[in-house]
Amino acid sequence: FKMMETSSTLDKTEKMKERIAAKLNSILLLEMGIELNSSVNLRLQKFDSLDFVEFIMYVERDFKILILNEDLAKINTIDDLIEIIKLKIG
């Protein structure tokens with residue numbers, strides 16, 4: 001039974017990650033006209049510092065969260081951002 005519970009938790013975590021990734025891709029495409037995958041470095045690909053700040057503002061608005069400056073320093077890829085969002089929305 002314990003193993004099934006762990007598997008179920010992993011499924012929920014993966015589903016949450018997929019939902020967040022889909023929403024982020026939607027923000028990127030609709031708001032910024034950029035299509036990226038999870039491993040792309042946000043700070044190197046078509047993003048200058050203003051684009052990055054603008055993107056984070058859209059993310060905060062759409063997820064109804066606040067991303068602190070110390071969190072911003074940890075974000076290089078979409079996967080990094082997904083992990084921070086997961087922690088914020090629990």
Identify whether [X] and [Y] are in the same connected component of the hydrophobic contact network (ILVMFWY, side-chain heavy atoms under 4.5 Å).
| X | Y | value |
| --- | --- | --- |
| Val53 | Val59 | no |
| Leu29 | Leu24 | no |
| Met57 | Leu28 | no |

message: Return the NZ to CD1 distance between Lys17 and Ile78, rounded to the nearest 0.5 Å.
response: 11.5 Å

- request: Measure the spacing between CD1 of Ile75 and CZ of Phe52 and express it to the nearest 0.5 Å.
  value: 4.5 Å

- prompt: With Glu31, which residues qualify under salt bridge (charged side-chain N to carboxylate O under 4.0 Å, His left out), at least two apart?
  reply: Arg61

Scan the side chains in residues 83-90 for donor-acceptor partners under 3.5 Å anywhere in the protein, sequence neighbours excluded, and list what turns up.
from	atom 1	to	atom 2	distance (Å)
Glu83	OE1	Lys86	NZ	3.4
Glu83	OE2	Lys86	NZ	3.3
Lys88	NZ	Leu66	O	3.2
Lys88	NZ	Asp71	OD2	3.1

Would you say the side chain of [Y] lies within less than 4.5 Å of the side chain of [X], judging by non-hydrogen atoms?
| X | Y | value |
| --- | --- | --- |
| Lys74 | Asp80 | no |
| Ile20 | Leu81 | no |
| Ile67 | Ile65 | yes |
| Arg19 | Met16 | yes |
| Phe63 | Ile27 | yes |

task: Would you please name every residue forming a side chain to side chain contact (heavy atoms under 4.5 Å, CB included) with Glu54, sequence neighbours left out?
output: Met32, Asp51, Tyr58

